[in-house]
Each structure stands twice: as C-alpha cells, then as structure tokens.
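One structure is given below, encoded as structure tokens.
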Amino acid sequence: MASLAAARYGKDNVRVYKVHRDPATKVQTVTEMTVCCLLEGDVETSYTKADNSPVVATDTVKNTIYILAKQNPVNPPELFGAILAAHFPNKYSHIHAAHVSITVHRWTRMNVDGKPHPHSFLRDGAETRNVDVTFRRNEGFTITSKLAGLLVLKSTGSAFHGFHRDEFTTLKETWDRILSTEVDAAWTWKRYQTIGQVQSDANNFERAFDAARNTTLKIFAEDNSASVQATMYKMCEKILADVPGVEAVEYALPNKHYFEIDLSWHKGLKNTGKDAEVYAPQSGPNGLIKCRVVRKPASKL
Ligand SMILES: O=c1[nH]c(=O)c2[nH]c(=O)[nH]c2[nH]1
C-alpha cells in the first residue's frame, strides 16, 4: 500500500519585470525577478484519484503572480513574497500553505557623463537578492532573505595552517594564499503573524540586505583569515549583532582554489612561495564550507 507523504505544486521560473515611473522627476526604476510559487493543501486526490477538482491550476498561479505584481509594490521582495504567499490560503479554503521563492536580478542605474541616467541600467554581476517566504494558515510567515552569487577574491591576507594531519594528508600549510569564494548568505527573520507586521519591517529588510552585503565584503577584505570557517563565523556574528529581527544566519562558501605552478623546469624560473605570481585557477574540485549561527539563549541567571 502506498500513501502520499508530501505534495506541493505550482509555477516555477515565472519571470516578471515591473517599472515605476515617477511623474514628477521622470525617473524610472525597474525590478526584474524570477518567482517560484508552490501550494500545499487538500489536493491529495489529484495525485491518488486523478481528481483535478481541487487543483488551482499552475497557470492560475502564474496569472496571480502578474496581477499581484501589478496591484502591489514588488519591493522589498520580502513584502511582495508575503503578499503573494498569503493570497492563496486566504482565497482558497482548501489551500493551507504557500511557498514563494523570489530571485531579484541586478539592474543597476547607469552613470552617463557622471550623472545617474533616468531610465538606463546595467547588469553589473550575476549576484542576486533572494527571498523564501512560507505562509501557513494559523502559523503566519517564515521569511528568509538571501544574497547569492557574489564572487569575491583577495590576493593575500588569508592563511590555512595547523590543520589535522595524517597518512591521507598532502596539503601544505600556508601563511599566505589567495582566497576566493562565491558568497551565498541567508538570514531568517523572527516569525510574522500578519502582513501588517511584514509591511512595518519593510525598511528593515532593505537595511538588513545592505548591512549583510557590506559586512560580508568588509570582513572578507579586512579579516586576516585563518580559514574560511573562522572568517564566515565572524560575518554571521556581525549580522546577528546588527539586525535585531534576525534569528539565524547561514553562509555557504565554496573555496575556489588557485594553485601555484612550479615553473623551475624552465630555466630555473622562480614561481612558488614568495615568488609565486602566475597561478592556475581551478574549476573543481572546490572546498564547500557551510554554517548556521543562531543567538545564544539568554542565560537563566
Ligand atoms: O579555509 C579552509 N578551510 C578548510 O577546511 C580547508 N581544507 C582545505 O584543504 N583547505 C581549506 N581551507
């Protein structure tokens, strides 16, 4: 006997663009995002009995994303995600939860002749701002904000020594190495009960994103890194200290290796250790270091 243990369905890869035109200044502002919206509820018979009657079609989900984007602000994405997620359980009594994931793509305003251009933008990097919002009837909203795909490199100021050694170990200790990673950072907010509560934190979502990005860059650049682990923990600590509404911070950092190349075979060329200048960037394998940091429970004393 089989039984349906979990099910959710909806539309993925819904691409949406929205423009805001300021009539007074004629300045236009654009947002481009990719949305995934999955529903959960009393839809079991659609899987087990080929009964489509409870299915809010995924095409309807896509239409709803467009309509709600027209009728509501799409910024901050945390708020739009919450509006969208709440819509489905509020409209359909047999839908109990909605999971919305939004990827916001960069369109950075162009500077032309030193002045911000009113309606022209550039894609300055693959970095995205993402959110995951789940709304469950009677439970409220869980919101995780993310920064993804931020590629960074430092050419010194990173070491890795004192690690465990045994008969499987070949890695040499280093006191000066290249450190490069593509930052994936996520911070989870305290639970919200109402859209009003999410709305009143709108500025905090914007500030938190800027703080998380600035903290990531500043600590990456300034930390005399003992390891990816030690550096990422400092980033998590700082974000928790700076953003009171955040309960947990997570990072996933690939360690993108740059190998020294011994060129001594060519006329004794010195290119290792302190003489290393030409390196071989590696596509893989790469280290992958993850952590999740939460606030310490308050002492009972
Ligand atoms: O910062 C690092 N952490 C590791 O765990 C590790 N392992 C490794 O081979 N190089 C590195 N670098």
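Reckoned from all heavy atoms, side chains included, excluding hydrogens, waters and symmetry mates. Numbering of ligands and ligand atoms starts at 1, following listing order.
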message: Strictly below 4.0 Å, N to O, side chains only: are E247 and R191 in salt-bridge contact?
response: no
- prompt: Any salt bridge between D210 and R213, counting N to O under 4.0 Å?
  reply: no
task: Report yes or no: do W189 and S145 form a side-chain donor-acceptor pair below 3.5 Å?
output: yes
- request: Quick one: look up the protein heavy atom nearest atom 9 (O) of ligand 1 and list residue, atom name and how far away it is.
  value: L171 CD2, 3.3 Å
- prompt: Does any N/O atom on R177 come nearer than 3.5 Å to any N/O atom on ligand 1?
  reply: yes
message: With a 4.0 Å cut-off on N to O distance, would you call D22 and K26 a salt bridge?
response: no
Short N or O distance, Q229 and ligand 1, threshold 3.5 Å exclusive: yes
- prompt: Atoms of ligand 1 less than 4.0 Å from S227 heavy atoms?
  reply: 1 (O)
query: Among protein heavy atoms, which sits nearest to atom 4 (C) of ligand 1, and what does the distance come to when rounded to 0.1 Å?
result: F160 CZ, 3.4 Å
query: When you measure from the centre of the six-membered ring of F209, is the NZ or CZ of R129 under 6.0 Å away and within 45° of the axis?
result: yes
Contact with ligand 1 for H161, non-hydrogen, under 4.0 angstrom: no
query: Is it true that E250 and K146 make a salt bridge, defined as a side-chain N closer than 4.0 Å to a carboxylate O?
result: no
query: Which is it for V228 and ligand 1 at heavy atoms under 4.0 Å: side chain, backbone, both or neither?
result: both
